[in-house]
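Because the structure is predicted, anything quoted here is derived from the model rather than measured. Letters A, B, ... are given to chains in the order of the sequence lines, protein chains preceding strands, and every chain is numbered from 1.
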Amino acid sequence: MGFKIRPFLLALLFAYATFACSQGSDFKASIADFQESTETVTAAIKSYYAELNEYERELYLQERLMDNTLRVAIKDSQGNPTPLLFQPFAPEALQGRIELLLQICFYGQQLAALAGNASPGQAKKNLKTVADGLSTLNATFDSLSKTNDRAAARYLGPMGALFAVVSKPLLEKKRTDAIKKAVREGQKPINAILTFLEQDLKKYVETTRNTGHRLEVAEWVNYYNRNIGKLSFAQRQQVLQHIKRTAEELELAKQAQPADVVVSLRETHLALVKYAASSGKARDLASLQRAVQAFHDDAQQLVEAVIALQKLSRQG
Amino acid sequence: MKTDNQQLVRCIEACLDLSMDDRLSQDRQNEMLALGKRLRGSLVNLLTAEFAEDLKQVEEANLQLQSIGKKLEDKNQAIAHIADTITRISLIVKDLDELLKFAIVK
């Protein structure tokens, strides 16, 4: 997966448009850093969601590799569907969250254009695109909440509020005032969306990944101990290598929790808004820089873990 | 209404850790691994499951999970009374399977 997603820059760009001149290169560097980290994190989180069902299928097949008394089937002996063809997590629910994440990034991108040099006509057109995207997404989440994803209902309020912000005639007022208002009104729904995203990541991604990696270690350990007398030196070497790999995967997964990075993103966002609201006080710039740096470090750790996990997985 | 999935995660991790604990015989380790796998299967299903408010079975399952989770916190005791530990975990595995039948959203 390529890291091509553009960042969410709502508060940042307001601050940039209003105060960048007074704070100079420090602030610009923070912008660039925040932008880069947001792109990276968005891509990493997207990959976690996208791989949820595939991960369950891999675990199901590994369980059968380890235990020759277990059969492979699309339904188990009780008639329950297995992860071989059944997807435990509704693909449309996962896709909805991925699209929401992308939409938040797109929203930031359009506000960036508004804060920058985009012509009023182009900016208005772009904001209409954002509003259309949010409207479609709102319908998707509404539908999800009525079928197999009740948690989707929580997103509806903030998404509607964000839609209202985007739909307001921002360009009818003085540009800076319009952006300021968008920052103020957009902050609450964006924070709510990021909070729900954090909770979803903890609930779906972290619980399944953390227990899944531990299960993989346990299965290989159990296989080794059960068959220790039957395995040749070369086979033992091979199995021990699998144990080492799965143990490393477990350690990596524990180190890098995607929900923690979303918390860091939300805190950075708050620091940006605070900086914007404070008329660019040096003290608030320092707070902002600390938040951006912490977010950068968390994002880096997450991405390094994702890359290392993918590398280890290919060895399996 | 939801099951206490955080407590369930702790139980799964404890079962899997016991399956790799050499203070237990190989047969007991096998049993703990099997129970850990069953509990994780339940977790995957319960993450998306929703139950009616005040469903007695969910409340009972949560109490059971809490009680077993507490027991598994003390690994020495869990090992010292391994037969009882396995019986109690087997019971919650069965109950969680049954519980899914009451889910209004799966």
Chemist: Indicate whether any N or O donor in one side chain lies under 3.5 Å from an N or O acceptor in the other, for A:Gln78 and B:Asp97.
Modeler: no

Chemist: Report which part of A:Glu219 has an atom under 4.5 Å of a heavy atom belonging to chain B: side chain, backbone, both, or neither.
Modeler: both

Chemist: Please classify the contact of B:Leu16 with chain A as side chain, backbone, both or neither, using a heavy-atom distance under 4.5 Å.
Modeler: both

Chemist: Do B:Asn5 and B:Thr3 have side-chain atoms, one donor and one acceptor, less than 3.5 Å apart?
Modeler: yes

Chemist: If I measure from the heavy atoms of chain A, does B:Leu47 come under 4.5 Å with its side chain, its backbone, both, or neither?
Modeler: both

Chemist: Between A:Asn210 and A:Arg214, do the side chains contain an N or O donor and an N or O acceptor separated by less than 3.5 Å?
Modeler: no

Chemist: Mind ranking B:Val44, B:Val9, B:Ile12 by heavy-atom pairs under 4.5 Å with chain A and telling me who comes out on top?
Modeler: B:Val44

Chemist: Which one, B:Leu39, B:Asp22, B:Asp17, leads in non-hydrogen pairs under 4.5 Å with chain A?
Modeler: B:Asp17

Chemist: Carefully, step by step, assess A:Asp149 and A:Arg154 under the rule salt bridge (charged side-chain N to carboxylate O under 4.0 Å, His left out).
Modeler: CA-CA 10 Å; A:Asp149 182 15; A:Arg154 300 179 307 165; over 6 Å; no

Chemist: Apply the test salt bridge (charged side-chain N to carboxylate O under 4.0 Å, His left out) to residues B:Glu98 and B:Lys101: give CA-CA distance (whole Å), side-chain angles for both, the deciding distance (0.1 Å), then the verdict.
Modeler: CA-CA 6 Å; B:Glu98 287 293 312; B:Lys101 293 175 187 167; 3.1 Å; yes

Chemist: I need the residue from A:Asp67, A:Asn80, A:Thr207 with the largest number of non-hydrogen atom pairs under 4.5 Å to chain B.
Modeler: A:Thr207

Chemist: Heavy-atom pairs under 4.5 Å with chain A are the metric here; pick the option from B:Arg40, B:Gln26, B:Gln6 that has the most.
Modeler: B:Arg40

Chemist: Are the aromatic ring centres of A:Phe141 and A:Tyr155 under 6.0 angstrom apart?
Modeler: yes

